[in-house]
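Notes follow once the structure below has been shown.
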Amino acid sequence: SIDASKFDWQHFFHLKTIYEWLDKMAEKYPQRVTVLDMGTSTQGNAIKGVKLSSSPSNKAIFIESGIHAREWIAPAAATYIINQLLTSQDPKVQKLAQDYNWFVFPCVNPDGYKYTFEHDRMWRKNRQLFGTCRGVDLNRNYPDHWNSTGSSSDPTRYDFAGPSAGSELETQRLIEFIRANAGKEQIKTYIALHSYSQMLMFPYGYTKERVSNYDDLQEFGKKASAAIKAESGRDYVSGSLYETIYPSSGGSMDWAHSEAGIPIAYTFELRGPPDSQDLFILPAVEIQPTASEAFTAIRAIVEAAAEK
Ligand code: ING
Ligand code: ZN
């Protein structure tokens, strides 16, 4: 792990370095940045994030990343977005930073993230112990049609939903945070960052039934993929999660939309490596363009929703 003063988007960083960088940004921009702590994970690591705020009356956007440990591009994209909102000279970005408050939690599975640096690069779940094996897929653990489709009751599986709905501390911390803040802070947009597949997906994951605001979410998603196409030439598919990637239940996005009542909810699947053999191991030169695509899509969604 390196000194947070050398933080950049040409490398992937340890949990500790990301957290030091969040603290550093709060020291540098004390009027605009507050470091937040949702509480601790199964193994006692903090789940830290930031609130970027220009006005207490702003509506807010919530960004979550790193729920899957090995998808390193997701926390890197989250810190990129924080940095852009604080330092960009682009008047359009400055306006978004002015007009909205931003909650960004780069590592909502800190135990798993640490484990991918220290032991197993391909670990996905948290590190909860079940007899001789470990880990709940935190993106199958949310209490919304829990374990009904696209998840497993077998703790040895990569998509183990956990022993019960909302069983994991990491799930509980995020739920408590959203319940306490979604209304008070006017959180209207929820973004979960993952990799990889180049997709911009909205609810539902658990059923092919359409959400009540399907047409809006489809329209914003299409605008976001067009914005990415114009920026980098990459194709990102948009659609409901069920019809786009695979049916799956207990995801944070379905919970945020259905249970927490956050109308605009997306899960992004960012770029994978150029050689598909490498699975989740995205070359570091891809961080900057991939993170920029994620921010471009979020900007397009927020701007399209504001016009409604
Ligand atoms: N994909 C997501 C996964 O958890 C997903 C897709 C998102 C499913 C939201 C359910 C809910 O499997 C990756 N790559 O992790
Ligand atoms: Zn994922």
Side-chain angles (χ1 to χ4, degrees), residues 12 62-78 105-113 115-116 120-126 135-152 154 157-162 165-166 168 170-171 174-175 178 189-209 211 217 221 236-260 262 264-273 276 278-282 290-291 293-294 297:
F12 293 105
F62 183 94
I63 302 173
E64 153 234 297
S65 57
I67 201 168
H68 290 145
R70 63 192 175 189
E71 298 167 13
W72 286 4
I73 185 58
F105 285 83
C107 290
V108 298
N109 174 15
D111 302 352
Y113 190 71
Y115 194 75
T116 59
D120 177 1
R121 176 67 185 83
M122 293 303 282
W123 192 256
R124 166 177 165 104
K125 304 184 285 180
N126 77 352
V136 171
D137 181 344
L138 296 173
N139 209 33
R140 299 291 184 277
N141 190 237
Y142 281 77
D144 180 63
H145 299 84
W146 176 79
N147 206 14
S148 58
T149 184
S151 60
S152 172
D154 176 353
R157 291 261 318 199
Y158 77 98
D159 60 351
F160 175 44
E168 302 311 292
E170 295 83 358
T171 309
L174 195 138
I175 286 175
I178 294 290
T189 305
Y190 188 103
I191 309 278
L193 300 177
H194 288 254
S195 71
Y196 58 98
S197 297
Q198 296 186 189
M199 291 171 177
L200 308 174
M201 305 176 295
F202 50 85
Y204 299 107
Y206 81 93
T207 175
K208 66 177 191 300
E209 299 300 312
V211 282
L217 295 180
Y236 279 63
V237 179
S238 75
S240 88
L241 192 128
Y242 187 99
E243 57 197 24
T244 309
I245 187 164
Y246 37 66
S248 47
S249 56
S252 61
M253 173 186 74
D254 276 3
W255 178 85
H257 181 85
S258 305
E259 307 292 325
I262 301 175
I264 301 169
Y266 288 85
T267 298
F268 292 179
E269 296 281 359
L270 303 176
R271 286 189 196 184
S276 56
D278 296 332
L279 298 168
F280 295 89
I281 307 177
L282 188 71
T290 309
E293 287 170 353

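Hydrogens, waters and symmetry mates play no part in the numbers below; they use all other heavy atoms, side chains included. In each ligand, atom 1 is the first atom listed, and ligand 1 is the first ligand listed. The first residue of the sequence shown is numbered 1, and numbering continues consecutively from there.
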Does Tyr190 have any side chain to side chain donor-acceptor pair (under 3.5 Å) partners at least two apart in sequence or in another chain, and if so, which?
Glu64
Heavy-atom contacts with ligand 1 below 4.0 Å: which residues, ordered by chain and residue number?
His68, Glu71, Arg124, Asn139, Arg140, His194, Ser195, Leu241, Tyr246, Ser248, Gly251, Thr267, Glu269
How about Glu168 and Asn141: does a side-chain donor come under 3.5 Å of a side-chain acceptor?
no
Side-chain H-bond candidate by donor/acceptor type, Ser151 with Asn147, under 3.5 Å
yes
Short side-chain to backbone donor-acceptor contact, Ser65 and Leu193, under 3.5 Å
no
Strictly distance-based, threshold 3.5 Å: is any side-chain N or O of Asn139 a donor or acceptor partner for the main-chain N or O of Ser252?
yes
Is any side-chain heavy atom of Trp72 closer than 4.5 Å to one of Thr116?
yes
With heavy-atom distances below 4.5 Å as the criterion, would you say the side chains of Thr189 and Tyr266 are in contact?
no
Solution key, residues 195-204 side-chain donor-acceptor pairs under 3.5 Å, sequence neighbours excluded:
from, atom 1, to, atom 2, distance (Å)
Gln198, OE1, Arg234, NH1, 2.7
Gln198, NE2, Asp235, O, 2.8

Parallel, tilted or perpendicular: rings of His194 and His68 (30°, 60°)
perpendicular
Distances under 2.8 Å only: what protein N/O/S atoms are near the Zn ion (ligand 2), ordered by chain and residue?
His68 ND1, Glu71 OE1, Glu71 OE2, His194 ND1
